[in-house]
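First the structure, in the form of structure tokens, and then the observations on it.
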Amino acid sequence: MANTRSIVEYLDIKGSDRPIISLPFHYSYGLSVLNTHLLVGATILLTEASVSQGRFWEFFRSGEGNSIAGVPFAYEMLKRLGFENMQLDNLRYMTQAGGKLADSLIEYILALAEDRGFKFYMMYGQTEATARIAYLPFELAREKIGSVGIPIPKGKWWLQDSQKNRIEHPFVKGEIVYEGPNVMMGYAETIEDLSRGDDLGGVLETGDLAYFDTDGFCFITGRIKRFVKVFGNRYSLDEIEHALNQAGVECRVGGFDNQILIAVKMFENTDLVHDQLTGVFNLHHSTFEIFTVNAFPVASNGKIQYAELFGKYIKAS
């Protein structure tokens, strides 16, 4: 309830809103979209269709929908479908969570938002904090492009180093620690664990690495667990993936120590990938493997399935 009220406040969700929801409700983002609109008595357009299907948009128009929530994969699909050519006169705002968007895609949506008069909110969340815990105010979206913004109302956060000391200076990377009334009590693995009470005390170590700029806006750089060592040097798989996508290559990056794996879509420029890895990241060609796929495996919540994509390579190791 705390999280739901905070989101209603910063998104200014109204009883007159009519969101279309295709995100599954077992996914915390989808459940959050449902709860926030139920709280204010909004009308919810339910569909099993995806944004890539014509009947999704027919239903959105006929139901006078005015907001859309999506994960990065959904926004990638919107651009491929030619979202700029769609007539969506009632659209009031769009939200995005569930992973990082490429800056070029953010700029594409922002340009449409500014031209068409709707708002676009990029957000960041943790299931353990009941979904969304940060947002980027629309009026600052272009100035702070690539940032996940600031904490939701009644929440706060800070960065800590590997020794759990608070990081006080801007542009220094550390783990995001979030505090708020929307943090879970803890994990229960047996029925006896339920008697422990509140293990976390409202404080969640997210496992995400980031830095704050001089205005306190957060820029995520990767996951603590998404690091590999290549001949003694640590590499962030998320940073490599982001850099390649920024260079114009649609790809996903995985791997293990001494071997980085890059999955690219068919017909992408693998020479560019090779040049980026050797030139920008100073990787020897023997330490990475590039392979092509027709499509990236996607879960029902719209997130890329990295384990499935790279599983056979990692098992072979």
Side-chain angles (χ1 to χ4, degrees), residues 2-3 6-7 10 28-29 97-101 103 122-137 140-141 143-189 193 196-243 246 253-258 260 280-283 306:
N3 191 237
S6 292
I7 293 167
Y10 80 73
S28 61
Y29 180 24
K100 186 176 179 61
L101 283 183
D103 289 355
M122 289 164 286
M123 300 175 298
Y124 162 72
Q126 293 283 322
T127 300
E128 294 88 346
T130 335
R132 295 171 277 181
I133 64 176
Y135 71 105
L136 182 60
L140 294 173
E143 178 186 343
K144 301 291 186 181
I145 197 163
S147 171
V148 296
I150 55 178
I152 62 174
K154 298 182 177 61
K156 61 181 180 180
W157 60 13
W158 60 90
L159 300 180
Q160 66 180 19
D161 62 21
S162 58
Q163 306 302 312
K164 301 189 183 299
N165 299 311
R166 286 204 188 197
I167 296 172
E168 304 292 347
H169 301 289
F171 303 108
V172 178
K173 293 179 186 177
E175 180 185 10
I176 300 172
V177 182
Y178 174 84
E179 181 177 3
N182 51 305
V183 173
M184 68 173 187
M185 297 169 70
Y187 283 106
E189 304 203 7
D193 291 343
R196 293 202 310 259
D198 188 353
D199 288 346
L200 298 188
V203 178
L204 176 67
E205 296 180 341
T206 66
D208 284 324
L209 295 172
Y211 65 84
F212 294 160
D213 68 8
T214 52
D215 297 319
F217 281 71
C218 180
F219 292 77
I220 293 176
T221 60
R223 290 282 296 172
I224 289 176
K225 293 182 179 178
R226 288 264 295 160
F227 276 83
V228 296
K229 279 191 175 181
V230 179
F231 299 128
N233 297 311
R234 293 179 82 242
Y235 287 89
S236 166
L237 300 178
D238 290 314
E239 286 190 14
I240 294 173
E241 181 176 294
H242 181 64
Q246 290 292 85
V253 177
F256 46 92
D257 285 353
N258 294 328
I260 293 174
V280 176
F281 292 97
N282 297 316
L283 287 164
Y306 282 84

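As a basis for the values below, the full set of heavy atoms in this structure was taken, side chains included, without hydrogen atoms, waters or symmetry mates. One-based numbering along the sequence shown.
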Exercise. Atom CG in Asp238, atom CZ in Phe227: separation rounded to 0.5 Å?
Worked result: 7.5 Å
Exercise. Between Ile224 and Glu175, is any pair of side-chain heavy atoms under 4.5 Å apart?
Worked result: yes
Exercise. Is it true that a side-chain atom of Tyr235 and a backbone atom of Phe281 form a donor plus acceptor pair closer than 3.5 Å?
Worked result: yes
For this session: Report yes if some heavy atom in the side chain of Asp215 is under 4.5 Å from a heavy atom in the side chain of Leu140; otherwise report no.
Result: no
For this session: For the pair Phe219 and Tyr211, name the ring-plane relationship: parallel under 30°, tilted 30 to 60°, perpendicular over 60°.
Result: parallel
For this session: Verify side chain to side chain contact (heavy atoms under 4.5 Å, CB included) between Trp157 and Thr206, making sure each step is shown before the conclusion.
Result: CA-CA 10 Å; Trp157 60 13; Thr206 66; over 6 Å; no
Exercise. Can you find a pair of side-chain heavy atoms, one from His242 and one from Asp103, that are under 4.5 Å apart?
Worked result: yes
Exercise. So how far is it from Asn3 CG to Ile152 CD1, rounded to the nearest 0.5 Å?
Worked result: 4.5 Å
For this session: Begin with the C-alpha distance, continue with both residues' side-chain angles, and end with the deciding distance and a verdict on salt bridge (charged side-chain N to carboxylate O under 4.0 Å, His left out) for Glu241 and Arg226.
Result: CA-CA 11 Å; Glu241 181 176 294; Arg226 288 264 295 160; 3.7 Å; yes
Seminar exercise, completed: Ser6 and Lys154 have their tightest heavy-atom pair at OG-CB, 4.4 Å
Exercise. What's the spacing between Tyr124 OH and Cys218 SG if we round to 0.5 Å?
Worked result: 7.0 Å
Exercise. Considering only heavy atoms from C-beta outward, does the side chain of Ile176 approach that of Leu159 to under 4.5 Å?
Worked result: yes
For this session: Could you tell me whether Lys173 atom NZ has more than 12 heavy atoms of other residues or ligands within 6.0 Å of it?
Result: no
For this session: Go through Val183 and Val203 one step at a time and tell me if the side chain to side chain contact (heavy atoms under 4.5 Å, CB included) criterion holds.
Result: CA-CA 7 Å; Val183 173; Val203 178; over 6 Å; no
Problem set entry | Pairwise side-chain contact, Tyr135 with Ile150, heavy-atom cut-off 4.5 Å (strictly under) | yes
Exercise. Could Arg132 and Tyr10 be counted as a cation-pi pair, given that NZ or CZ must be under 6.0 Å from the ring centre and within 45° of the axis?
Worked result: no
For this session: Evaluate the side chain to side chain contact (heavy atoms under 4.5 Å, CB included) criterion for residues Gln126 and Leu204: first the C-alpha distance (whole Å), next the side-chain angles of each, then the deciding distance (0.1 Å), finally the verdict.
Result: CA-CA 9 Å; Gln126 293 283 322; Leu204 176 67; 3.9 Å; yes
Exercise. Can you name the closest pair of heavy atoms from Gly155 and Pro151 and give their distance?
Worked result: O-CB, 3.5 Å
Exercise. Between Asn165 (side chain) and Asp161 (backbone), is there a donor-acceptor pair under 3.5 Å?
Worked result: no
Problem set entry | Donor-acceptor contact below 3.5 Å, side chain Thr127 vs main chain Ser28 | no
Problem set entry | Test item: Met185 and Arg196 side chains (from C-beta on) under 4.5 Å apart, heavy atoms | no
Exercise. Quick one: does Phe171's side chain get under 4.5 Å of Thr214's, heavy atoms only?
Worked result: yes
Exercise. Which value, rounded to the nearest 0.5 Å, describes the distance between Leu237 atom CG and Lys225 atom NZ?
Worked result: 14.0 Å
Exercise. Heavy-atom distance under 4.5 Å between the side chains of Asp208 and Tyr178, does that happen here?
Worked result: no
For this session: Mind running salt bridge (charged side-chain N to carboxylate O under 4.0 Å, His left out) on Asp213 and Lys144 for me, showing each step along the way?
Result: CA-CA 10 Å; Asp213 68 8; Lys144 301 291 186 181; 2.8 Å; yes
